[in-house]
Amino acid sequence: MLTGGPLDVLTGDYLAELTMLILGRDRLKDPGRGYAKTFLRQLEDCLGLAHEKGVRIVTNAGGLHPAALADAVRELAAKAGVPVAVAHVEGDDLMPYEEGALTANAYLGGAGITACLRAGADVVVTGRVTDAALVSGPAAWWFDWAPDAYDRLAGAVVAGHVLECGTQATGGNYSFFTAHDVRRPGFPLAEVSEDGSAVITKHPGNGGAVTPGTVTAQLLYETQGPRYLGPDVTARLDTVRLHSDGADRVRISGVLGEPPPPTLKVGVTRIGGWRNEVVFVLTGLDVEAKAALVTEQLAGPLAGVESADWTLARTDHEDAATEETASALLRLVVRDPSPDRVGRALTSSAVELALGSYPGFHVTAPPGPAQPYGVFTSGAVPAARVPHTAVLPDGTRVPLPAPPACEALPAPPAFEARGSGGGAPDGSGAEPRDGGPGARPPVPGRGGAGESAAGPTAPAGPAGPPAGPAAPTTRAPLGALAGARSGDKGGDANIGVWVGGDAAWEWLRDTLTTELLQTLLPETAALPVTRHELPNLRALNFTVPGLLGAGVASGHRFDPQAKALGEWLRARHLDIPTHLLPPPAPEGTRP
């Protein structure tokens, strides 16, 4: 980023829910740590270059101890002979918080960053701020925005949300990745304007692509509904407009902002207990019977264990040409408050079945000891009770006032009311099994999934005028038409789905109801899924509370962060109007 082209501010987002748990364990070993050590190693290579080019650096790598990282940066700068002014932001750490908490951090906004930059800081280190604050804070400094410049701040927050996951905005993790060279995608940057609009682009000469599709995918990542709540502003995602502004340039405009809520999100991590796992390989015939046998044989050793989950993955193929492709995997995951009940004695008892169980018995790894697992939960605290403080380069401590109290916006039903990094769309007008604000009911005979012995049927719409003749349909995966991006927030997941044209959007909006999604993805069927519409993006966003249990650190699910949940949805088949599908690629060509 420093060598590829012009840059005013270089940002670095180092904190995720799992990272906070790791840093919390680091702090237990050494109270002076708790920050992202990788940032310092990277800074050794580029601090001098950033200073030479006049680029400010803003990062949340301070984690649980931003003051210690700021001191370490000063020490590094002194050794390198680089005269930089270093400031930091603190006040997010709420420990001691509650019994059993390992970490507890409020998600701060960008005001502290703004204050540090106004005081002349070259490097600003923060603890837990929202991911988007790394962009909105510098933008407010650069343009001298007032705290109530909500539309401008909302535009910068949206730009920050696009940038927060790096190359996810330039073709990484993109549904239509075969359309671009994404072997080494360049990192995105935002050209932010005084009115809050921005152009997402990248330095020339690197891989990947910036298109309305890649930006849409990231806009849908780890969000919920139309309102994206943050500490400084509520950004209205239903007002976002995207326009191509040339090659690898997408303009974001029209974003409206509203006052922030009176509370801040608090992320809490704790050690949830101990876990272990064994993966049995089942090869050839009678896979189901082999799985049933080993499950029954381990019933005794598993008695008294708090949680024992069995999952059979049918990765086997009939008449397979290799042993690996003839094999299925049976995974046992155990959890308990005591490491003894799920320790080596338990895994050893599984391996000791080797000579007296199903034919071809073997496991993928030897017995291992129990490992601690973490739990992430979130709550809210009045913003006025969090001591958001900017510590300027000269050591002056500047308390930042909380935004004026405003009415709390309604939270989405049964779902964590915060988006990625603490932003939070609410479920304004949306209820489980409802299309959300402005939603239109499914229309029978109009591009619906249709009745098919091979798959699901779209639910019937309400009584109305007789429908015209149905358009011809083709049985195809949803991904032949739609892109998707999914992610996690604690134990909850989201799936954003979008299409590229108005006709396709009309079909998607009317067809992909909550009920159909739950049919296509049976793991979601028992959960209170909520659907939200974002017509400007031609997108739907589904929130799936509880799918991930206690979050990524607990290892509750095969895909513990729901990163591939959207790709699973795209792989499901339904009846799609033939005229909406792209023509098949000539045989032997790259899609």
Side-chain angles (χ1 to χ4, degrees), residues 158 161-162 165 168-180 182 188 200 209-226 228 235-244 250-255 419-420 425 430 435-440 442 447 449 476-487 493-514 516-517 520-521 529-544 562-572 574 576-577 580-582 591:
V158 169
H161 176 58
V162 173
C165 288
Q168 279 194 175
T170 56
N173 294 350
Y174 184 52
S175 291
F176 306 109
F177 70 97
T178 57
H180 311 287
V182 294
I200 305 300
V210 179
T211 70
T214 66
V215 174
T216 296
Q218 181 56 26
L219 282 172
L220 295 172
Y221 183 61
E222 294 182 348
T223 59
Q224 287 93 61
Y228 194 81
R236 289 294 300 262
L237 297 183
D238 55 351
T239 63
V240 174
R241 294 190 178 274
L242 304 181
H243 304 277
S244 179
V250 173
R251 179 172 295 278
I252 300 175
S253 63
V255 185
S420 177
R440 293 172 52 175
L478 177 62
L481 181 66
R485 173 68 61 77
S486 56
N494 90 293
I495 314 168
V497 186
W498 81 93
V499 290
D502 290 339
W505 162 240
E506 186 175 339
W507 174 84
L508 181 74
R509 180 198 60 211
D510 291 346
T511 302
L512 191 55
T513 62
T514 299
L516 180 56
L517 177 100
L520 294 170
L521 304 184
V529 177
T530 302
R531 188 183 99 148
H532 308 273
E533 292 185 7
L534 296 170
N536 286 354
L537 300 177
R538 301 189 186 98
L540 301 173
N541 204 16
F542 295 88
T543 59
V544 189
K563 300 302 185 186
L565 190 62
E567 287 301 294
W568 178 27
L569 176 63
R570 293 183 69 240
R572 295 308 311 269
L574 67 166
I576 300 175
L580 296 179
L581 293 169

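Along the sequence shown, residues carry numbers from 1.
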- Mind running side chain to side chain contact (heavy atoms under 4.5 Å, CB included) on R485 and Q168 for me, showing each step along the way? CA-CA 10 Å; R485 173 68 61 77; Q168 279 194 175; 3.1 Å; yes
- Before giving the answer on side chain to side chain contact (heavy atoms under 4.5 Å, CB included), spell out for R531 and L540 the whole-Å C-alpha distance, their side-chain angles and the decisive distance to 0.1 Å. CA-CA 7 Å; R531 188 183 99 148; L540 301 173; 3.8 Å; yes
- Query: Mind checking what makes side chain to side chain contact (heavy atoms under 4.5 Å, CB included) contact with T216, not counting sequence neighbours?
  - Reply: L220, L242, W498, L537
- Message: Using the side chain to side chain contact (heavy atoms under 4.5 Å, CB included) criterion, which residues pair with R570? Sequence neighbours excluded.
- Response: S175, F176, A484, E567
How far apart are the closest heavy atoms of [X] and [Y], and which atoms are they?
X    : Y    : value
V182 : G171 : CG1-O, 3.5 Å
A480 : L581 : CB-CD2, 3.9 Å
V255 : R236 : CG1-O, 4.2 Å
L580 : A504 : CD2-N, 4.0 Å
L237 : G225 : CD1-O, 3.8 Å
I576 : A476 : CD1-O, 4.0 Å

- Report the C-alpha separation of T543 and V529 in whole Å, then their side-chain angles, then the decisive distance to 0.1 Å, and conclude whether the side chain to side chain contact (heavy atoms under 4.5 Å, CB included) test is met. CA-CA 6 Å; T543 59; V529 177; 5.8 Å; no
Under 3.5 Å, side chain of [X] to main-chain N/O of [Y], donor-acceptor pair present?
X    : Y    : answer
T511 : L508 : no
H161 : Q218 : yes
T214 : T170 : no
N494 : S486 : no
N536 : D238 : yes
R572 : L520 : yes

- Taking only residues two or more places apart in sequence, or in another chain, which ones meet R538 in a side-chain hydrogen bond (donor to acceptor under 3.5 Å, both in side chains)? D502
- Task: Can you spot which of T514, T530, L569 makes a side-chain contact (heavy atoms from CB on, under 4.5 Å) with F542?
- Result: T514
- Task: To the nearest 0.5 angstrom, please state how far the CG atom of L534 sits from the CG atom of L219.
- Result: 9.0 Å
- Quick one: pull up CG in L481 and CH2 in W505 and give me the separation to the nearest 0.5 Å. 12.0 Å
- Task: Check the side chains of T223 and N541 for a donor-acceptor pair under 3.5 angstrom, ignoring hydrogens and angles.
- Result: yes
- Item | Heavy-atom side-chain proximity of Y221 to V162 below 4.5 angstrom | no
- Message: Is there a side-chain contact between H180 and Y174 in this structure, where contact means two heavy atoms from C-beta onward sitting under 4.5 Å apart?
- Response: yes
- Apply side chain to side chain contact (heavy atoms under 4.5 Å, CB included) to the pair V250 and H243, showing each step before the final yes or no. CA-CA 6 Å; V250 173; H243 304 277; over 6 Å; no
